Student: 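Sending over a structure as structure tokens; questions will come in a sec.
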Amino acid sequence: MNSIIANIRSIRERIASACARSGRDPREVRLLLATKTVTPENIKIALQTGQTLIGENKVQELKEKAASLMDIPHEKHFIGHLQTNKIRDVLKYDVACIESLDRLDLAEKLHQRLVFEQKTMNVLIQVNTSSEKSKFGISPENAVELTRQAAKLDRLRIRGLMTIGIFSAEAAKVRECFKLLKNIRQEIIRQNIPNVEMQELSMGMSGDLEIAIEEGATIIRVGTAIFGERIYPDSYYWNEQT
Ligand SMILES: *Cc1c(COP(=O)(O)O)cnc(C)c1O
């Protein structure tokens with residue numbers, strides 16, 4: 001069997017047992033294929049197993065792969081750092097959700113462009129729950145306020161929160177990040193902000209998806225455990241300069 005197919009099967013098993021352990025229905029947890037650096041051929045192999053959701057980090061890769069993936073139905077999310085000068089481009093590729101809204105300036109410019117194009121966009125607020133400098137995301141202290149401000153921009157449909165947990169071998173530290181995201185969601189729900197829905201918690205990756213599911217993830221984003229190691233370090237995708 002192709003290794004991608006075998007890997008997806010084993011991820012499905014990991015999802016099922018994490019759900020069983022935490023009393024959740026596996027249908028509440030969507031698997032997003034994190035497809036940065038993955039070729040359209042390999043993405044297709046994964047989609048043909050019945051997966052429906054992919055996530056890209058760079059507008060350039062959305063662009064390069066769009067034509068090859070046209071004939072296979074799927075949903076695309078944008079999960080990378082979005083520079084304001086790429087807003088026009090990201091809107092060309094039929095992205096269903098931008099999971100990485102992390103600052104007001106981006107929210108405002110995205111809103112302006114959506115008004116111009118007479119569109120709306122689902123977004124998640126990305127929170128830097130580990131407070132590591134290398135990671136993007138609004139700080140936990142400012143997440144509610146960003147949500148409140150972005151909610152005034154009526155072309156944005158705020159649907160939940162996203163985070164990248166700390167990279168640590170200590171499960172307790174990773175769990176803290178996910179608990180923090182869940183608590184921020186609870187606070188936002190409590191404040192009952194108009195134009196805000198909080199159904200999605202996008203958290204958990206190849207190494208920590210079980211913990212994320214136990215803490216309530218509704219979307220887990222998995223790359224390496226399905227497609228193998230990437231040749232570029234993640235800093236290439238997570239740094240401002242690139
Ligand atoms: C690459 C990436 C993932 C997937 O990470 P893996 O460890 O390869 O599973 C998830 N989320 C974001 C934002 C990413 O950039």
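One-based numbering, in listed order, for ligands and for the atoms of each. Here the structure is a predicted model, which means the values were calculated and not measured.
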Student: Any idea which heavy atoms bring H77 and A96 closest together, and the distance?
Tutor: CD2-CB, 4.3 Å
Student: Which part of I79 is near ligand 1, with near meaning a heavy atom under 4.0 Å away: side chain, backbone, both or neither?
Tutor: both
Student: Considering only heavy atoms of V222, which atoms of ligand 1 have at least one such atom less than 4.0 Å away?
Tutor: 9 (O)
Student: I'd like to know if the side chain of R185 reaches the main chain of M198, judged simply by a donor and an acceptor atom lying under 3.5 Å from each other, with no hydrogens or angles considered.
Tutor: yes
Student: May I ask you to list the atoms of ligand 1 that are less than 4.0 angstrom from any heavy atom of N57?
Tutor: 14 (C), 15 (O)
Student: Taking everything shown except R157 itself, do over 12 heavy atoms lie less than 6.0 Å from its CZ?
Tutor: no
Student: For atom 1 (C) of ligand 1, tell me which residue out of K36, K58, E56 has the closest non-hydrogen atom.
Tutor: K36
Student: Taking distance alone, with N or O pairs closer than 3.5 Å, would you say G223 contacts ligand 1?
Tutor: yes
Student: Show which atoms of ligand 1 fall inside a sub-4.0 Å distance from at least one heavy-atom site of T224.
Tutor: 6 (P), 7 (O), 8 (O), 9 (O)
Student: Around atom CD of Q118, are there more than 12 heavy atoms of other residues, nucleotides or ligands at under 6.0 Å?
Tutor: no
Student: Answer with side chain, backbone, both or neither: which part of A34 has a heavy atom less than 4.0 angstrom from an atom of ligand 1?
Tutor: side chain
Student: With the threshold set at under 4.0 angstrom, would you say R230 reaches ligand 1 through any of its heavy atoms?
Tutor: yes
Student: Mark yes when over 12 heavy atoms from residues, nucleotides or ligands other than R88 sit less than 6.0 Å from its CZ; otherwise mark no.
Tutor: no
Student: Tell me if a side-chain donor or acceptor on D208 pairs with a main-chain N or O of M205 at a distance below 3.5 Å.
Tutor: yes
